[in-house]
Amino acid sequence: MKAIIIATGEQTGDDADLHCYPKAMLTLLDRPFLQHVVEFIVARGITRLDFVLSNMPEKVESWFGNGQRWGATIDYHLARNADQPYQLVKAIVSNADDDPVLLVHGDRLPLDAAIENHPNRGDDMPITYVWGEEAEPESGDSHGWTGWSWIAAAVVRDVPDDAGIADLESLCIRKSKSEGRLVEVRRPLSAQTYSQLLDSQKRALSDHASGLLVSGREVEPGIWISRNVGLPSSVELIPPVYLGAGSRIGQGSKLGGNVVIGEGSVMDRHCIARDSLIMPGIYVGESLELLDLVVDKNHVVNTRLGANCHVRENFLVGSMEVGPIHDWIAGAISRIAALGLLVGGTPIMMLTAGYLKLFRSGPVLFHKEYVRLPASPDRISWPVCQRWSFRSDADGQRRSGIISMLLLEFLPALFDIAKGDLHFVGVAPRTVEQLSQLPVDWRELVLRSKAGIVTEASVRFGHAPSDDELYCAEAFYAVNAGIRYDLKLLIGWMWRSAFGKDKVDEAMTVATPDTLAATLETNSDFGSLDRIRKYIKMVCHEMVRPPLDEDETYKVAVAVQETATNIMRHAYHGSPDGMIRFEADVDEQQLTVRITHWGEAFGSGNIPEPSFDKPQTGGYGLYIISQYIDDVSYCCDENGGKCVSLKKYLRGGQSSGSGNRKN
Amino acid sequence: MEAVIEKIDGVTVVELPYDKIDASCKPEFQNDVAVALSESGGKVVFDMRKVQFVDSVGIGAIVSCLKELGVSGGDLKLCHVAKPVRSLFELVRLHKLMDILNTKEEALRAFGE
């Protein structure tokens with residue numbers, strides 16, 4: 001038996017769309033709504049699933065894969081128009097040899113035992129499942145469609161290609177009355193709109209989640225708690241409420257009724273939440289009141305008003321505002337301390353410069369441009385400063401020990417800290433281009449902060465944080481910055497550098513026993529692309545441990561090949577005589593491919609998103625690189641080479657994929 | 001290697017013989033499909049079962065074919081697209097411009113309807 005699951009992510013006309021997921025992938029209790037649908041279908045013995053997708057199909061495909069995890073076989077079909085996917089349904093049904101097929105709309109789930117497991121081939125079709133509570137008297141119809149029907153090829157043969165869901169509904173109900181059966185079932189759970197999703201979570205929790213697979217247990221009627229939840233005794237829980245695995249609730253908070261806290265989310269102290277869904281991995285700041293909301297990162301949907309709000313202020317991640325006098329005092333202390341260290345450290349700096357001059361090729365000092373923070377949102381008015389460093393950008397991306405960091409990065413930066421352009425602790429200094437490329441909410445948060453040598457991310461997440469980690473760290477730092485907190489981070493950073501995971505033994509090292517490197521040099525001939533792909537495949541399969549899977553390898557190969565093709569076309573203008581060098585470094589946290597050429601410099605500016613609405617024969621390359629690679633940076637080396645560095649973060653041997661913030 | 005071209009019920013099915021479509025084989029691809037497109041009558045299916053790698057140059061080449069067919073009211077469908085290639089097509093929303101179907105039969109049927 002086969003089921004066709006329509007999950008096209010059609011727009012419902014609801015302005016509150018998050019635009020990050022198809023609605024069926026929103027969370028119901030502990031997992032995506034669509035996963036509940038799949039589990040319900042598989043539990044009925046139907047293991048051949050055909051998904052019909054259209055908007056953001058990659059989100060669904062990457063979640064469900066080939067279906068093996070659910071004991072099912074999944075095929076995916078892509079509809080051009082999300083509102084009119086039924087031409088594909090006709091094709092799939094007619095391919096099923098007249099066997100009945102269960103047609104399912106993935107944003108609805110009628111949890112009812114009346115849904116037949118296996119109608120016979122000879123049964124009258126269609127069998128349409130309706131519910132009776134929400135009748136529409138004016139239409140003369142006393143039933144509402146659940147979106148679920150057993151159909152056969154003959155039922156959908158006459159469906160026009162441009163049929164929408166209303167056409168299919170009327171067809172299924174009409175034919176069921178005349179040729180098949182109408183079966184009344186319970187009102188389905190629904191993720192068609194955000195308010196229906198909140199209503200569904202309330203019904204599911206009130207009904208002991210019967211019929212759903214849910215992790216955690218019901219400790220009291222309507223109160224569900226998963227594993228590893230931090231719950232102080234002063235928290236008041238009003239059923240129904242569901243606390244996801246690893247969530248943390250602050251003291252004095254009051255949650256419920258009808259509240260779901262997603263996996264790993266943190267509610268700070270004295271929060272009040274009612275009729276709300278907090279998606280996984282969200283931090284909610286102190287003393288906030290959340291009513292009728294769906295919250296995901298800095299997007300908030302108010303289901304009562306039907307409005308989508310993109311939160312630009314940082315109150316979602318904190319409520320502490322520091323006054324200007326406090327800022328001034330902190331700045332003055334930082335400058336005086338830098339001046340003192342500069343006086344004391346000048347001899348060491350001179351010695352370091354002398355050592356580098358003698359024993360290292362290339363320039364001793366490097367200029368690094370960055371935007372002085374805080375700055376206004378207007379890009380034109382961003383003040384650009386230059387700081388000194390004994391390390392190039394490329395060297396700066398490598399892991400280094402505390403001595404190397406202090407001598408090569410920290411000491412020269414004391415000039416800038418003493419001038420007041422930079423601070424000891426802050427968010428990472430960024431160039432105008434890097435700042436422009438940040439998502440708008442992130443950028444505004446950075447623009448309100450101060451830039452520093454030591455960052456929250458380097459203390460919390462080490463040398464190579466992912467996009468999400470970096471965002472969380474900078475958002476957290478932006479609201480916690482202060483003299484005491486900065487001091488705490490500085491000590492934490494020194495401790496981590498000296499004793500933490502990122503420590504390396506030698507002061508100025510680039511190669512450690514747990515770092516692998518491989519180099520390839522080719523000419524700028526398109527015929528070299530095969531060699532480049534083989535080289536990347538070797539790196540991903542033999543140097544990365546455990547090896548990247550085929551999909552991730554493909555992503556790295558495409559990104560590297562796009563870069564190489566751009567170099568061949570734009571740096572060497574199609575001449576096959578140029579040289580391109582590929583250097584791959586792999587450590588436990590990241591795979592870095594550094595591509596160096598000696599042609600004309602090109603393209604380190606903003607990455608324009610191609611137009612997806614009309615056929616376009618070019619302009620996809622940089623977009624693909626930005627989606628398949630976690631970090632792209634450009635630099636020049638001491639020999640005049642122009643470098644493009646592509647970085648892929650590895651997590652427990654698996655790549656982080658294209659970061660979550662890349663929606 | 002030359003593309004295998006067959007006509008089935010008025011639809012031209014081109015089985016692409018390359019394991020990749022990128023800058024290195026774009027001229028070859030264009031030459032091969034130019035003949036097929038000119039003689040197609042407007043309905044064309046690219047059978048991509050042998051293609052294991054496509055980059056943005058390859059996507060551009062395929063979109064060029066779609067545009068060329070679109071001028072005369074024709075259409076292009078793709079079938080048997082390898083999983084990572086398909087993910088790339090989804091990333092650039094190619095499935096909104098042309099039908100990407102799992103099998104040749106589905107593609108032929110889609111033209112028939």
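Just so we're on the same page: letters track the sequence lines, and every chain starts at 1. These numbers come from a predicted model, not from an experiment.
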Proximity breakdown for [X] and chain A, heavy-atom pairs closer than 4.5 Å:
X: B:K67; value: side chain
X: B:E105; value: neither
X: B:E106; value: side chain
X: B:N102; value: side chain
X: B:I62; value: neither

Would you say [X] and [Y] make side-chain contact, with heavy atoms under 4.5 Å?
X: A:L78; Y: B:F89; result: no
X: A:F526; Y: B:D22; result: no
X: A:Y76; Y: B:R86; result: yes

Which of the residues A:E550, A:M568, A:H77, A:R533 is involved in the greatest number of heavy-atom pairs with chain B at under 4.5 angstrom?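 Top count of heavy-atom pairs under 4.5 Å with chain B: A:R533.
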Between the main-chain N or O of B:S56 and the side-chain N or O of A:E562, is there a donor-acceptor pair closer than 3.5 Å?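 Present.
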Test item: A:R80 side-chain N/O and B:H95 main-chain N/O as donor-acceptor pair under 3.5 Å: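 No, A:R80 side chain to B:H95 backbone: no donor-acceptor pair under 3.5 Å.
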Let me confirm one number: the CG-NZ distance from B:L91 to A:K555, rounded to the nearest 0.5 Å.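 Separation between the atoms: 8.5 Å.
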B:K83 NZ to A:E61 CD distance, which is reported to the nearest 0.5 Å: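 Rounded to the nearest 0.5 Å, the NZ-CD separation comes out at 7.5 Å.
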Would you name the heavy atoms of [X] and [Y] that are closest together and state the gap between them?
X: B:S24; Y: A:L529; result: N-CD1, 4.1 Å
X: B:R93; Y: A:P57; result: NH1-CD, 4.3 Å
X: B:K96; Y: A:S54; result: NZ-OG, 2.9 Å
X: A:T565; Y: B:A23; result: CG2-CB, 4.0 Å
X: A:Y623; Y: B:V92; result: CD2-CG1, 4.5 Å

Is [X] in contact with chain B via its backbone, its side chain, both, or neither, using a 4.5 Å heavy-atom distance?
X: A:I624; answer: both
X: A:N81; answer: neither
X: A:A557; answer: both

Between B:I100, B:I59, B:L94, B:V85, who has the most heavy-atom pairs with chain A when the cutoff is under 4.5 Å?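 With the most close heavy-atom pairs to chain A, the winner is B:V85.
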Does A:W63 CH2 have over 12 foreign heavy atoms under 6.0 Å away?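 12 or below, so no.
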Between A:Y620 and B:V57, is the side chain to side chain contact (heavy atoms under 4.5 Å, CB included) condition met? List the steps. CA-CA 8 Å; A:Y620 295 113; B:V57 175; over 6 Å; no
